[in-house]
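Here's the structure we're looking at; comments come further down.
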Protein chains: 2
Amino acid sequence: MPKSITRTYSRYSREASLLLGGLIRVARKERKFTAQEVADRAGISRGLLQRIEKGDLKCEIGAVFEVAVIVGVKLFDAEETTLTRHIRQTEDKLSLLPKSVRKKSKTVHDDF
Amino acid sequence: MPKSITRTYSRYSREASLLLGGLIRVARKERKFTAQEVADRAGISRGLLQRIEKGDLKCEIGAVFEVAVIVGVKLFDAEETTLTRHIRQTEDKLSLLPKSVRKKSKTVHDDF
DNA sequence: TTCTAATGACCTATATAAAAACCATTTTTG
DNA sequence: CAAAAATGGTTTTTATATAGGTCATTAGAA
């Protein structure tokens, strides 16, 4: 990540992450897992789990998803079975769309 | 990330990420954005956007969420307004739970 | 068909996220 | 209350994800 980029996030992203982290923390406590237990099962450090539960946007999505699964927070409100079906549906949709998006360079006739 | 950790992901995580990436790609094309356009608006490189759309789990969640917002993929099927409310609800729930999870060290009387 | 933009795939350098080790505080239980 | 465990912060080191190029291929528009 060269050139020292200070990323800026939209409010929606921040809140979505905050909510996901909160849901994870609640689910963990409801199931009576300690932070260390969940971290171990997810193969991550306890520090990272803390950041995830705080909704830190600079975490790899794989770690977040993995923790969510472990504590029982459903992504997309979807079961495993329906998930696979949704993937197929998306692939179908994609195959119907043009492979590349073309920007009409000039002489646009649309808006007349 | 010391000790050369090769992370392993559950099937559910992989599929969730695959689905999210697919939804993003479909949404981007439906709205006729080029990859470069979305990358620019998200403040990320085109290469990273490609990885996101492929469902690569090693991307920071902030970048993924940001891209999702830009192309119009809703996280949690929730509007911005309800999102804030959900956060509050989660906080309330959390405040009712014990602050730390205690593991009964020995002399368990539960399972008799 | 031709021309060009868009995409997909690589590569390298570097900023940085994560692990691991701390310590201080809080919280629960015995 | 006392003891132990869980949590919340640090800091340092190191692996690695990202930016930012390049190049080949593809696909759409004229």
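Because only heavy atoms are used, hydrogens play no part in the values below, and waters and symmetry mates are left out as well, while side chains stay in. We name chains A, B, ... by the order of the sequence lines, and we start the count at 1 in each one.
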With a cut-off of less than 4.0 Å, is there a side-chain N or O of [X] near OP1 or OP2 of [N]?
X       : N      : answer
A:Arg51 : D:dT7  : no
A:Lys32 : C:dT28 : no
B:Arg7  : D:dA17 : no
A:Arg28 : D:dT7  : yes

Keeping [X] on the side-chain end and [Y] on the backbone end, is there a donor-acceptor pair under 3.5 Å?
X       : Y        : answer
B:Lys32 : A:Arg102 : no
A:Arg46 : A:Ala35  : no
B:Arg51 : B:Lys58  : yes

Atom pair distance, as rounded to whole Å: [atom1] in [X] and [atom2] in [N]:
X        : N      : atom1 : atom2 : value
A:Leu49  : D:dT7  : CG    : P     : 9 Å
A:Lys103 : D:dA30 : NZ    : P     : 14 Å
B:Leu48  : C:dG8  : CG    : C1'   : 15 Å
B:Leu57  : C:dA18 : CG    : P     : 13 Å
A:Lys54  : D:dG8  : NZ    : P     : 8 Å
A:Gln50  : C:dT25 : CD    : P     : 16 Å

Legend entry - Most 5' of B:Val101 and B:Thr34 on DNA chain C, judged by nearest nucleotide: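 First, find each residue's nearest nucleotide; the 5'-ward one identifies B:Thr34.
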Inset, instruction - Using a heavy-atom cut-off of under 4.0 Å over every strand shown, decide if A:Lys29 touches base, sugar-phosphate, or nothing. - result: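 It contacts nothing in the nucleic acid.
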Inset, instruction - Would you classify B:Ser100 as touching base, sugar-phosphate or nothing, given that sugar-phosphate means primed atoms plus P, OP1 and OP2, and contacts are heavy atoms under 4.0 Å? - result: sugar-phosphate
Legend entry - Base D:dG8 to side chain A:Arg46, donor-acceptor N/O within 3.5 Å cut-off: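 Looking at the base of D:dG8, it does pair with a donor or acceptor on the side chain of A:Arg46 (distance under 3.5 Å).
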Inset, instruction - Decide yes or no, distance alone: a donor-acceptor N/O pair under 3.5 angstrom between the base of D:dA6 and the side-chain of B:Arg102. - result: no
Inset, instruction - Take A:Glu53 and B:Ile44, find for each the nucleotide of DNA chain D with the closest heavy atom, and name the residue whose nucleotide sits nearer the 5' end. - result: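 On the 5' side of the pair lies A:Glu53.
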Inset, instruction - Give me the other members of the hydrophobic cluster that A:Val26 sits in, counting Ile, Leu, Val, Met, Phe, Trp and Tyr linked by side-chain heavy atoms under 4.5 Å, directly or via other members. - result: B:Leu94, B:Leu97
Inset, instruction - Scan residues 87-99 of chain B against DNA chain C and write down, sorted by residue number, each residue with any heavy atom closer than 4.0 Å; if none is found, say none. - result: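 Heavy-atom contacts with DNA chain C come from B:Pro98, B:Lys99.
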Inset, instruction - Describe, as an angle rounded to 10 degrees, how the axis at the first end of the helix from C:dT1-D:dA30 to C:dA21-D:dT10 is tilted relative to the axis at the last end, five pairs per end. - result: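 End-to-end axis angle: 50°.
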